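Have a look at the structure below before the remarks.
Convention: sequence-line order gives letters A, B, ...; per-chain numbering from 1. This structure is a prediction, so every number in the text was calculated from the model and none was measured. For the numbers below, each heavy atom of this structure counts, side chains included, while hydrogens, waters and symmetry mates do not.
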Amino acid sequence: MALRFYNTMSRRLEEFEPIEPGHVRMYTCGPTVYGPAHIGNFRAYIFEDILRRYLKYKGYRVTQVMNLTDIDDKTIRDSQEAGITLQEHTRKFIEMFFHDLDRLNIERAEYYPAATEHIPEMVDFIQKLIERGNAYGSGGSVYYKISTFPRYGALSHMDMTGLKAGARVDSDEYEKESVSDFAVWKGWSERDGNVFWNTPLGKGRPGWHIECSAMSMKYLGEQFDIHTGGVDNIFPHHENEIAQSEGVTGKKFVNYWLHNAHLIVESKKMSKSEGNFYTVGALVEMGHNPIAIRYLLMATHYRQQLNFTSEALEASKKAITRLRDFRTNVEDARPGPDSDTAKWTVARAVEGFEAALDDDLNMSQALAAAFDFVREVNAVVAEQGLSEADKKAVLNALRRFDSVLGVVYVKEAGIDQRIDTLIRERNEAKKARDFKTADKIRSDLLDEGIILEDTPVGTKWKRKV
RNA sequence: GGCGGCUUAGCCAAGUGGUAAGGCGGAGGUCUGCAAAACCUCUAUUCUCCGGUUCGAAUCCGGAAGCCGCCUCCA
């Protein structure tokens, strides 16, 4: 089956075909680094990670760009309040961002361009817009003239004539010819302090939207395959990017626009005042495993609003444990005959998994295929063991599924000599039928998050998820 | 006010015309020193509500209620 995506532009499922055969170029909107990213932000990055991993699973080479917005009103405001430079301020949150990416087992993109490191590219871009008549200077700033771009509103399906003059328009933007025109370059104002660049456009800083147009073009070219972001980015951000990029090139900017829905927490909108505003760090401090967060964020279809609940987070831990236990069950399965059931189950699972993800990344259904696989293989293992060939085929499939899921084969702290010693002591106690000592060792380890299991092939230990 | 989305078991969540996936939880059983894991059985006659179309609807149409978004720099 062919890979299909729901394209926000056309509002329908479309078969995916990259511009360059075998190579996918995609731009994924990244964080504004003014504070720690929250789980809502990470839903987008997890979605993009699944997208990236599945494209690779399908055999594509992937070039992914994720921008780091390190200059905007909030970064300026917060760095000034903290009394440090913009760079000092944003660096902290950039580090935190990458740390969270690692904890959530999100693969690295090929490029993470920072806006402040691409000022010349943006200035160049803006000059082209001015030359072509798509932008005009006014009061030290430069604005994009929407009336020069008739297709404006195509992505968001919005009628721009409905905008009310003066509504939520920044007071320093009164120089605009039309209220819906937006800033591509912001002339320096007092409150920017020492944050500015001296450029041919004057003293100032770039607007938000221009960075994505300039940087995507630098790393991916004038036209590329996929652009993603949260639904909130559809308007105005992505609409403006299209206007800028196509304004300069006259060519179609992006072929497939993919947007993820937001999440709610305990059926409520996540907000600081509700006290349900979570960062990855805060959840980890509460004792939650980041991989469980990953699982929960990916298990709902990306275009569906996701309800993040602590109960679901616990369920996610159990689900991961089941998948990990399945791996060891298979690895340690006693030798058995070749099984047609096992072979058939592997084939069916792979087919089901791929069909689900091919269908606009239907992860819920892909997981269902994976869990059917687990149950069916476990039944064979329990009944008659596994032949070496079947074992290999099953583990191959699992490893392949996990190249997308990223929850089973996750690096964790290595073997602890001390645990091995305790297991030996416990086995001796068991042999002496001193179950009191044996149980104490097991429960002490459990307190540390280590689970001991007695199996036919000896005592095994695993970390609690 | 304009535009859009959602509502499926105790919880999370697929399914978009052919008779309700999957995970968690719960009940019982097998196995075990006890556990854990695993396996087996059961756990929504029904998909927010009310109408309609159809041989047939959770799925299509109309209406109501609730929830969540976007409407100029929030994933």
Side-chain angles (χ1 to χ4, degrees), chain A residues 11 28-32 37-48 69 72-74 146 156-160 162-164 167-170 173 176 179-183 186 207-209 228-237 239-240 259-264 267-270 295-296 299-326 328-329 332-333 352 356 362-372 374-375 378-383 430 433 435 438-439 442-443 446 451-456 459-460 462:
Chain A
R11 306 276 157 121
T28 50
C29 271
T32 300
H38 55 71
I39 53 171
N41 300 123
F42 279 106
R43 187 193 190 184
Y45 310 136
I46 293 277
F47 150 60
E48 288 151 5
T69 301
D72 81 321
D73 292 348
K74 284 188 291 260
I146 283 185
S156 53
H157 296 213
M158 291 231 292
D159 180 6
M160 298 314 295
L163 281 178
K164 289 196 186 77
R168 293 186 64 178
V169 173
D170 201 331
E173 294 187 15
K176 291 196 289 188
V179 284
S180 48
D181 289 351
F182 59 90
K186 298 181 155 189
W208 174 39
H209 315 293
T228 70
V231 286
D232 56 304
N233 280 151
I234 295 171
F235 188 87
H237 186 50
E239 200 73 73
N240 290 352
H259 293 96
N260 62 278
H262 284 185
L263 61 74
I264 53 177
S267 300
K268 280 186 188 147
K269 185 181 173 178
M270 182 167 67
Y295 185 95
L296 181 49
T300 298
H301 185 96
Y302 75 92
R303 282 194 287 114
Q304 192 76 250
Q305 186 177 72
L306 181 157
N307 190 9
F308 194 100
T309 67
S310 62
E311 204 173 346
L313 195 52
E314 291 304 321
S316 298
K317 291 178 194 177
K318 296 290 183 58
I320 294 165
T321 302
R322 182 162 165 83
L323 291 171
R324 291 184 178 178
D325 286 345
F326 173 66
T328 50
N329 281 342
D332 299 338
N362 190 334
M363 183 56 86
S364 309
Q365 216 158 54
L367 287 170
F371 280 106
D372 283 340
V374 167
R375 182 172 22 81
N378 272 335
V380 174
V381 170
E383 196 190 329
K430 267 175 38 177
R433 302 197 65 80
F435 295 120
D439 288 351
R442 183 170 61 188
S443 81
L446 184 60
I451 296 168
L452 294 189
E453 290 175 9
D454 296 328
T455 78
T459 301
K460 295 191 298 191
K462 65 183 180 189

Legend entry - Donor-acceptor under 3.5 Å (A/Asn260 side chain, A/Tyr302 main chain): no
Legend entry - Near-parallel close stack of A/Phe435 and B/G33 base (under 5.5 Å, under 30°): yes
Inset, instruction - Report the residues that fulfil salt bridge (charged side-chain N to carboxylate O under 4.0 Å, His left out) with A/Asp72, sequence neighbours left out, ordered by chain and then residue number. - result: none
Inset, instruction - Could you check whether the rings of A/Trp208 and A/His237 sit parallel, tilted or perpendicular, using 30° and 60° as the cut-offs? - result: parallel
Legend entry - Check: A/His38 main-chain N/O paired with A/Asn41 side-chain donor or acceptor under 3.5 Å: yes
Inset, instruction - Taking atom C1' in both B/G51 and B/A14, compute the distance separating them and give it to the nearest angstrom. - result: 28 Å
Inset, instruction - Quick one, give me the B/S/- string for nucleotides 8-20 of chain B, reading 5' to 3', where B means a protein heavy atom under 4.0 Å from the base and S means that only happens at the primed atoms, P, OP1 or OP2. - result: ---SSSSS-----
Inset, instruction - Could you give the distance separating B/C6 and B/U16 at their C1' atoms, to the nearest angstrom? - result: 14 Å
Inset, instruction - Taking atom C1' in both B/A57 and B/C68, compute the distance separating them and give it to the nearest angstrom. - result: 26 Å
Inset, instruction - May I ask you to say what A/Asp454 touches in the nucleic acid, namely base, sugar-phosphate or nothing, with a heavy-atom cut-off under 4.0 Å? - result: base
Inset, instruction - Determine the contact category for A/His262: base if any of its heavy atoms lies under 4.0 Å from a base atom, sugar-phosphate if only primed atoms, P, OP1 or OP2 are that close, otherwise nothing. - result: base
Legend entry - P spacing across the pair B/C50 / B/A9, given as an integer number of angstrom: 16 Å
Inset, instruction - Would you kindly compare A/Lys318 and A/Cys29 by the position of their nearest RNA chain B nucleotide and give the one closer to the 5′ end? - result: A/Lys318
Inset, instruction - Tell me what A/Ile234 touches on the nucleic acid: a base, only sugar-phosphate, or nothing, going by heavy atoms under 4.0 Å. - result: nothing
Legend entry - Interatomic distance at P, B/U7 relative to B/C61, whole Å: 14 Å
Inset, instruction - Answer yes or no: does a side-chain N or O of A/Lys74 lie under 4.0 Å from OP1 or OP2 of B/C74? - result: yes
Inset, instruction - May I ask which nucleotide in the shown strands pairs with B/C42, Watson-Crick or G-U wobble, both distances under 3.5 Å? - result: B/G26
Inset, instruction - Select base, sugar-phosphate, or nothing to describe what A/Lys430 touches, counting heavy atoms under 4.0 Å on all strands. - result: base
Legend entry - Same-atom distance (P) from B/G33 to B/U46, integer angstrom: 46 Å
Legend entry - B/C40 base / A/Arg375 side chain donor-acceptor hit below 3.5 Å: no
Inset, instruction - Could you tell me how the ring of A/Phe371 sits relative to the ring of A/Tyr295: parallel (under 30°), tilted (30 to 60°) or perpendicular (over 60°)? - result: perpendicular
Inset, instruction - Would you mind checking if A/Arg322 and A/Asp325 are paired as a salt bridge, meaning a charged N to carboxylate O distance below 4.0 Å? - result: no
Inset, instruction - For A/Phe371 and for A/Thr455, locate the closest nucleotide of RNA chain B by heavy-atom distance; then report the residue assigned to the nucleotide nearer the 5' terminus. - result: A/Phe371
Legend entry - Sugar-phosphate only, base, or nothing, as touched by A/Ala44 at under 4.0 Å among non-hydrogen atoms: sugar-phosphate
Legend entry - Whole-angstrom distance between B/G52 and B/A58, as gauged at atom P: 15 Å
Inset, instruction - Check every strand shown and say whether A/Gly40 touches a base, only sugar-phosphate, or nothing at a heavy-atom separation below 4.0 Å. - result: base
Inset, instruction - Round to the nearest Å and state the distance from A/Ile320 atom CD1 to B/A37 atom C1'. - result: 17 Å
Legend entry - Gap separating the OG1 atom of A/Thr228 from the CG atom of A/Asn233, nearest 0.5 angstrom: 9.0 Å
Legend entry - Under-3.5 Å donor-acceptor pair between A/Arg322 side chain and B/A37 base: no
Inset, instruction - Assess whether one donor atom and one acceptor atom, taken from the side chain of A/Asp439 and the base of B/G33, lie less than 3.5 Å apart. - result: yes
Inset, instruction - Would you say whether A/His38 stacks on B/A75? The test is a distance between ring centres of less than 5.5 Å and an angle between planes of less than 30°. - result: no
Inset, instruction - Between B/G28 and B/A64, how far apart are the C1' atoms? Round to whole Å, please. - result: 44 Å
